[in-house]
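Bear in mind the structure is a predicted one, so any value in this text is a computation, not a measurement. Values reported hereafter were calculated over all heavy atoms of this structure, with side chains retained and with hydrogens, waters and symmetry mates removed. The chain is numbered in sequence order, starting from 1.
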Amino acid sequence: MWPCITIFRPLLLKLRSRYAFSKDTQLTLVSPSKLIFRPSASCTGVGKKWTRPTGYDTGLKTYNSLTKQKEPLVLAQEGIATWYSCGPTVYDHAHLGHACSYVRFDIIQRILSRVFGINVIHVMVITDIDDKIIRRALEKSISPTILARMYEEEFKNDMLALKVLPPAVYLRVTENIPQIVAFIEGIIRNEHAYATKQGDVYFDIGSIGDRYGKLMGAGDAAGEPGDTEKRDSRDFALWKASKPQEPSWESPWGKGRPGWHIECSTIASSVFGSQLDIHSGGVDLAFPHHENEIAQCEAYHQCGQWGNYFLHSGHLHLKGSAEKMSKSLNNYITIKDFLESYSTNEFRMFCLLTKYRSAIDYSDASLNEARSSLATITAFTHDAQAYMRGQLQCQAVQEGALWERLAETKANVVRALADDFDTPRVVNAIMSLVSHGNRHLQPIAKPDRSPRSPAVFGAFLTYIREVFEVLGVDLLDRKEPHSVDSSGTLENVVEQLARFRSDVRAFALSVEDMPGEPAHASPRPHSEKLPLLKACDTLRKDLASIGVHIRVSVFIKNSETLRK
């Protein structure tokens, strides 16, 4: 081992602006030409301290995994939240554990945008190249690309079925390889990564010293298995040298493919730059994935704090089991199978009944609780509407008290949502309002001609419906006449119809030389073909009336029509 040298104040002042070190920082000589900076024991934790962002204070508080406590939500720009989330690794069916995380963060994004007026710019990555994808493709004897596209499409359909709002854009890893290579080159230039003779590239954890471990304090955690040329067992792969039967891309280090963590750092940075407001994912991604994302981004951008807030959703457990729902444990339920027994509304209510960062138990009892809550609201809606129509006779209601209770509920709901998006408190407040309203709707056998107060119950119903619409629960329970699959079928039918019309029209417009006509005469279709042209024009107009517009051989589909 080479000796350890203490950097004293004069030299330290020159280095502090770049490395953010404090006094008595140590420098380790690992070779005659290689130095590594490491904070001394007295500096432990300095590099991990969270700094409150400067910018727009939303007035909300959210639990930040970086500090392990609630913090004021401060955004870089007023009214705009930049949000990056880790999407699926598309090698298999999505299950309820995935659904729970995506629905919970969908609820938070809806709250930010529809209650507090914040424009959420959400970007999600699709991991379409990975060890698991390669293994599964080999098992099925198909291309990794085909496998990934198949499960990507299924994932998107599952999200639509769960009414999860899509991000502003999905970005695939395989479509961002040049950006990933350039990002790795930047980390190497900043002396935080190194290439091996075999063509692998590793992040140099030792080069950032005590700054590693901001999320989980995992500076001494065991690293991933890999090349024996790694400088530290904790160093992780940024680029993996190609192996037989694996997809690969050209790079300065030879053919290969990206490591797991680098994709998210690159794609988030390519969209949002050196500062990100919110990063989300399941709690199982906090280490090592998010931890390594932070290290990569701060090494590339040479900044002290890349992501300002990390939000993590709790695991979904099968009732009575300490293990999370997981494909690797073979204890999962696919989203498609689940929706054969329960509705989207019931699953979303199930998610609303616990805090987003808490573990949640999946059981018939917990789902029945969600179903029962919705049934209680439906029954109240029915009775309140009957009262408003004059079909339900009740004693005189205390109208003033009801208006007061409604105003109190509205204030409580906003306070709960502003306090780390506390949906259980919101549901409790709404159920309490429903209970209060029910007490005033007790039927009487004989009308007593007392004054009626239908307006206040109309206000109750409107408000309850609005709150749940914000949260993604449709109390009107409007059904899509066609499923996602049938929409895809209809799209194919329209495409074939447009192509058939194009072929018929081309035939009708075809001309033949007529004997005796001058050579300079304008060609025109035969008269017997004119009805075909007329029929094509009629079809085009008829399709336009239902939202399908044909331009020559290209058609533009009205997405609203396709859902009808």
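Applying side chain to side chain contact (heavy atoms under 4.5 Å, CB included) to T89 and the options D128, I133, I129, D131 leaves one that passes, I133. Screening S280, S113, S85 for a side-chain hydrogen bond (donor to acceptor under 3.5 Å, both in side chains) involving H122 leaves a single residue, S85. None of Y84, W50, Y63, W83 except one satisfies the ring-ring contact (aromatic ring centres under 6.0 Å, His included) rule with Y309; the exception is W50.
Judged by distance alone, the side chain of W306 and the main-chain N or O of Q296 form no donor-acceptor pair under 3.5 Å.
Summarising the local packing, NZ of K132 is surrounded by 12 or fewer heavy atoms from other residues, nucleotides or ligands at distances under 6.0 Å. Within a 6.0 Å radius of CD in Q245, no more than 12 heavy atoms belonging to other residues, nucleotides or ligands are found. A 6.0 Å sphere centred on CD of E175 holds more than 12 heavy atoms belonging to other residues, nucleotides or ligands.
A salt bridge does not link D474 with R465: every distance from a Lys NZ or Arg NE/NH1/NH2 to an Asp or Glu carboxylate oxygen is 4.0 Å or more. We find that E246 and R257 are joined by a salt bridge, their nearest charged nitrogen and carboxylate oxygen being less than 4.0 Å apart. Electrostatic pairing of R425 and D420 does not count as a salt bridge here, judged by no charged N lying under 4.0 Å from a carboxylate O. A salt bridge between D57 and R52 is present, with a side-chain N of the basic residue lying under 4.0 Å from a carboxylate O of the acidic one.
Looking at heavy atoms from C-beta onward, L75 lies out of side-chain contact with I80 at the 4.5 angstrom threshold. For the pair V467/I430, a side-chain contact is recorded, criterion being any heavy-atom separation below 4.5 Å from C-beta on. A 4.5 Å side-chain heavy-atom check between F155 and Y170 finds at least one atom pair inside the cut-off.
Between the side chains of S366 and S363, at least one donor-acceptor pair of N or O atoms lies under 3.5 Å. E263 and T127 share a side-chain donor-acceptor pair at under 3.5 Å. Side-chain contact check for E293 and H279: at least one donor-acceptor pair (N or O, by modelled atom type) lies under 3.5 Å. For the residue pair Y212 / N292, a side-chain donor-acceptor distance below 3.5 Å is found, with atom types taken as modelled. Between the side chains of S432 and R405, at least one donor N or O lies within less than 3.5 Å of an accepting N or O.
With Y91 as the aromatic partner, R136 does not meet the cation-pi criteria of under 6.0 angstrom to the ring centre and within 45 degrees of the ring axis.
A perpendicular orientation is assigned to the rings of H315 and H317, their planes being inclined by more than 60° (bins at 30° and 60°). The aromatic rings of H261 and H289 sit tilted, their planes meeting at an angle between 30° and 60°.
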message = Using the rule given for side chain to side chain contact (heavy atoms under 4.5 Å, CB included), can you reason through V414 versus K410, listing the C-alpha separation, both sets of side-chain angles and the distance that settles it, and then say yes or no?
response = CA-CA 6 Å; V414 172; K410 289 181 177 181; 5.8 Å; no
